[in-house]
Amino acid sequence: VMATSKHAIAAFAMMHENRSIPVVTVGKVTAEEALKAGFHNVSFASGTASDLLHYVKGNYSPDNGSLLYIRGMEISTDIVTPLVNDGFSVDSVTLYHTQKTRRLSLSLRKAIQAQEVDAVMLYSQNTAVTYAKLAIAGHLKDAHRHITAVCMSNAIANKVRDLLPWRDVMLLDDYFSRVAETDGIS
């Protein structure tokens, strides 16, 4: 089983009882979700769908049997076609659909304007683009000069970097390391 989001893992866990099947996730956060759901044989790539693709190609063979790709409706990188082109048998199953919000909540807009928001966590490229559009539509573009974009992957960071005038754009692990150092947490 291949998964590119913790939402896919959560949905799959509700539908499937066998917790011993191999699960390969896009990154550490999704792997932690799989372990939390009780899956025992979990490994993970370095954080992007492309990393997952390379991980699977490097660690599995088409002779090992079929792969199941569990995912949401929207994807930013097609991993099925390259795997099929390399001889893998892959079934892709959409387990959830996200709905885009039309505007940021009033309380969030007020908090951004009052510089009460230190960071915004962005879990996907689609989320990053949607958030930026909503912030711009809410006339909050310049307010982001005081906010750090915290991204799950380099691909998200690269996508969001020029969308808003962020104070900083950081990967999740780097951000939490900085917060731990700043707050004296070890």
Side-chain angles (χ1 to χ4, degrees), residues 1-105 120-134 149-161 163 169 171-173 175-176:
V1 175
M2 301 178 298
T4 50
S5 83
K6 67 181 191 172
H7 303 296
I9 291 290
F12 184 71
M14 290 190 303
M15 305 158 127
H16 203 278
E17 293 180 16
N18 183 355
R19 296 299 194 254
S20 63
I21 58 173
V23 176
V24 183
T25 69
V26 68
K28 186 177 179 180
V29 172
T30 309
E32 289 170 354
E33 184 71 23
L35 290 167
K36 191 169 91 177
F39 292 98
H40 309 291
N41 188 1
V42 179
S43 58
F44 58 92
S46 300
T48 68
S50 295
D51 294 333
L52 178 60
L53 173 64
H54 294 297
Y55 183 91
V56 170
K57 286 181 178 183
N59 291 282
Y60 294 91
S61 163
D63 298 333
N64 293 129
S66 296
L67 299 171
L68 176 64
Y69 176 36
I70 56 174
R71 63 184 192 84
M73 179 76 71
E74 311 262 337
I75 58 169
S76 57
T77 303
D78 175 16
I79 65 170
V80 172
T81 301
L83 288 169
V84 169
N85 289 343
D86 283 350
F88 286 88
S89 173
V90 183
D91 291 315
S92 179
V93 179
T94 301
L95 296 183
Y96 69 94
H97 174 72
T98 56
Q99 292 184 324
K100 292 180 183 174
T101 187
R102 289 185 250 164
R103 65 183 163 278
L104 300 176
S105 71
V120 173
M121 297 191 68
L122 301 167
Y123 292 93
S124 73
Q125 292 181 47
N126 291 332
T127 300
V129 170
T130 299
Y131 177 83
K133 287 179 181 177
L134 295 174
V150 180
C151 305
M152 294 291 293
S153 71
N154 282 317
I156 298 166
N158 292 336
K159 186 79 167 186
V160 75
R161 196 171 308 281
L163 296 177
V169 176
L171 295 179
L172 181 67
D173 289 341
Y175 178 77
F176 283 119

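Quick caveat: nothing in here was measured; it's all calculated off a predicted structure. Along the sequence shown, residues are numbered consecutively beginning with 1. All heavy atoms count here, side chains included; hydrogens, waters and symmetry mates do not.
Considering all non-hydrogen atoms of both residues, T94 and G72 come closest at CG2-C, 3.7 Å. Heavy atoms only, all atoms of each residue included: A8 and S5 are closest at N-OG, 3.1 Å. Heavy-atom minimum distance, P62 versus G87: CB-O, 3.2 Å. The two atoms that bring R19 and G38 nearest to each other are CB-O, 3.1 Å, heavy atoms only. Closest approach of A128 and I156 over heavy atoms only: CB-CG2, 4.2 Å.
The ring-ring contact (aromatic ring centres under 6.0 Å, His included) test applied to Y60 returns no partner, not counting sequence neighbours. Residues that satisfy the side chain to side chain contact (heavy atoms under 4.5 Å, CB included) test with L67, not counting sequence neighbours, are M2, V56, L83, F88, V90. Under the rule for a side chain to side chain contact (heavy atoms under 4.5 Å, CB included), the partners of L163 that lie at least two apart in sequence or sit in another chain are V129, A132, V160. In this view, S153 satisfies the side chain to side chain donor-acceptor pair (under 3.5 Å) rule with no residue, not counting sequence neighbours. Qualifying ring-ring contact (aromatic ring centres under 6.0 Å, His included) partners for Y131, counting only residues two or more places apart in sequence or in other chains: H144. The side chain to side chain contact (heavy atoms under 4.5 Å, CB included) search around S89 returns S66, not counting sequence neighbours. With sequence neighbours excluded, the residues forming a side chain to side chain contact (heavy atoms under 4.5 Å, CB included) with N18 are H16, S20, I21, listed by chain and number. With sequence neighbours excluded, the residues that form a side chain to side chain donor-acceptor pair (under 3.5 Å) with Y55 are S43.
Side-chain contact check for Y96 versus F12: every heavy-atom pair is 4.5 Å or farther apart. By the 4.5 Å heavy-atom criterion applied to side chains, Y69 and I75 are counted as neighbours. T48 has its side chain out of reach of T77: every pair of non-hydrogen atoms, C-beta onward, lies at least 4.5 Å apart.
When atom types are taken as modelled, the side chain of N158 and the backbone of A155 share no donor-acceptor pair closer than 3.5 angstrom.
For residues 68-84, no pair satisfies salt bridge (Lys or Arg N to Asp or Glu O under 4.0 Å), with sequence neighbours left out. Residue pairs satisfying the salt bridge (Lys or Arg N to Asp or Glu O under 4.0 Å) criterion with at least one member in residues 123-132, sequence neighbours excluded, are absent. For residues 31-58, the salt bridge (Lys or Arg N to Asp or Glu O under 4.0 Å) pairs, not counting sequence neighbours, are E33-K36, K57-D86.
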Which atom pairs, donor and acceptor, lie under 3.5 Å between side-chain atoms of residues 23-31 and protein residues at least two apart or in another chain?
unit_1 : atom_1 : unit_2 : atom_2 : d
T25    : OG1    : G27    : O      : 2.9
T25    : OG1    : A31    : N      : 3.2

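Separating the CG atom in L134 from the OG atom in S105 is a distance of 10.5 Å, to the nearest 0.5 Å. Atom NZ of K159 sits about 12.5 Å away from atom SG of C151, to the nearest 0.5 Å. In this structure, CD1 in I70 is found 5.5 Å from CG in L95, a value given to the nearest 0.5 Å. Note that CE of M152 is 10.5 Å distant from OG1 of T127, once rounded to the nearest 0.5 Å. Distance check, rounded to the nearest 0.5 Å: OG1 of T4 to CD1 of I79 gives 6.0 Å.
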